[in-house]
Amino acid sequence: MAAKQPPPLMKKHSQTDLVSRLKTRKILGVGGEDDDGEVHRSKISQVLGNEIKFTVREPLGLRVWQLVSAVMFSGVAIMALAFPDQLYDAVFDEEPVSSKTPVRLYGGALLSISLIMWNALYTAEKVIIRWSLLTEACYFAVQFLVTTVSLVESSRIATGAALLLVSRALFILISVYYYYQVGRRPKKV
C-alpha cells in the first residue's frame, strides 16, 4: 500500500489577521495595561521589570544637600575624634569635660552616619536615598532635643549652642522636605 500524502498545510498570516494577533497577545499577557497603567511590549519586560519605574526624579538640589551632609558629618566626626575638648568648648562655652570618651564615642557614631551619607550620595535607588534622609532628620531631631534639654538644665544659653539649635532646626526641615520630595510619585505625562 502506498502511503497517502497529507494535504498541504495552509499558513495563517497573523500579521494581517488582527483578531488572531490580539488573541495571541492576550494569551501571552502582553500589550495590556498592568496595575500601574503601564503597557508592556513583551513578556521579557514584564519579567525583568521596567527600570524607568525605579528611577528617581530627583528634586532640585538633592545631590548638593547630600554632599553637604556627608561633608558636614565627616568633618564634625573627625573633629570629635581628634579634638574633643575644642568641639565641646565650641558648643557649650564651658570648661572642658573631665573625660573625652563620650565626645569621641559621639565622633565614632557620626563617622558611621557619614559613611551612610557618602554611600547614599552615589546611589540612584529611591529607597536608599529616602532612608538616608530619614536617618539624617532623626539624628538632627535627637540632637536638637538633647541640646535643648542640656541648655535648660544648665540655665544659660551659649552663643554656639543657640546657633547649633537654629541650624539643626533648619537641617531637619531640609531633610524632611527632600524625604517627601523623593517619595512623591512622578506625574504621568
Side-chain angles (χ1 to χ4, degrees), residues 36-37 49-94 96-97 100-189:
D36 295 331
N50 189 356
E51 73 273 357
I52 295 172
K53 197 187 301 188
F54 300 110
T55 58
V56 178
R57 187 180 86 47
E58 295 179 355
L60 189 63
L62 172 67
R63 295 301 180 172
V64 173
W65 174 247
Q66 286 180 306
L67 178 66
V68 167
S69 296
V71 169
M72 182 176 51
F73 275 94
S74 299
V76 175
I78 290 169
M79 188 171 173
L81 289 169
F83 311 107
D85 289 334
Q86 287 81 359
L87 180 66
Y88 189 83
D89 186 45
V91 174
F92 293 107
D93 288 337
E94 293 179 6
V97 289
K100 297 176 184 177
T101 305
V103 180
R104 286 198 169 124
L105 286 173
Y106 169 72
L110 278 186
L111 193 60
S112 300
I113 293 175
S114 75
L115 291 174
I116 294 170
M117 297 302 151
W118 282 112
N119 286 321
L121 179 63
Y122 296 110
T123 189
E125 291 186 41
K126 183 179 183 177
V127 175
I128 294 174
I129 293 171
R130 290 193 80 206
W131 272 107
S132 68
L133 289 167
L134 185 62
T135 300
E136 190 175 352
C138 289
Y139 165 77
F140 289 137
V142 168
Q143 189 179 31
F144 181 85
L145 291 173
V146 167
T147 306
T148 304
V149 168
S150 297
L151 290 175
V152 168
E153 285 176 351
S154 70
S155 70
R156 57 178 213 200
I157 297 178
T159 309
L163 184 61
L164 181 72
L165 287 176
V166 170
S167 67
R168 293 312 177 231
L170 180 65
F171 294 162
I172 291 169
L173 292 174
I174 293 171
S175 297
V176 169
Y177 168 77
Y178 281 125
Y179 176 79
Y180 283 112
Q181 288 299 314
V182 170
R184 280 185 17 201
R185 289 186 175 260
K187 296 177 185 174
K188 299 230 177 186
V189 191

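Sequence positions, counted from 1, serve as the residue numbers for this chain.
To the nearest 0.5 Å, the span separating OG1 on Thr148 from CG on Leu165 amounts to 4.5 Å. The structure places CZ of Arg168 at 13.0 Å from CG of Leu145, a figure rounded to the nearest 0.5 Å. How far OG of Ser69 is from CE of Met117: 6.5 Å, rounded to the nearest 0.5 Å. Here CD1 of Ile129 is found 4.0 Å from CZ of Arg63. Values are rounded to the nearest 0.5 Å. Taking CG of Leu121 as the reference point, atom CG of Leu62 lies at 9.0 Å (rounded to 0.5 Å). Distance CG/Leu67 to OH/Tyr122: 7.5 Å, rounded to 0.5 Å.
When all heavy atoms of Phe144 and Ile172 are compared, the pair lying nearest together is CB-CD1, 4.3 Å. Shortest non-hydrogen contact noted between Ser132 and Gln66 is OG-NE2, 4.2 Å. Across every non-hydrogen atom of Lys126 and Arg184, the tightest pair is NZ-O, 3.9 Å. Heavy-atom minimum distance, Leu164 versus Ser167: O-OG, 2.9 Å. Across all non-hydrogen atoms, the minimal contact from Arg104 to Leu81 is NE-O, 3.0 Å.
The shortest distance between side-chain heavy atoms of Ser74 and Trp118 falls below 4.5 Å. Within the 4.5 Å cutoff, no side-chain heavy atoms of Gln143 are placed close to those of Val146. Side-chain contact between Leu111 and Ser114 is present, with at least one heavy-atom pair separated by less than 4.5 Å. In this structure, the side chains of Leu110 and Tyr139 come closer than 4.5 Å at one or more pairs of heavy atoms.
When atom types are taken as modelled, the side chain of Tyr178 and the backbone of Leu173 share no donor-acceptor pair closer than 3.5 angstrom.
Few gaps surround OH on Tyr106; more than 12 heavy atoms of other groups in view lie less than 6.0 Å from it.
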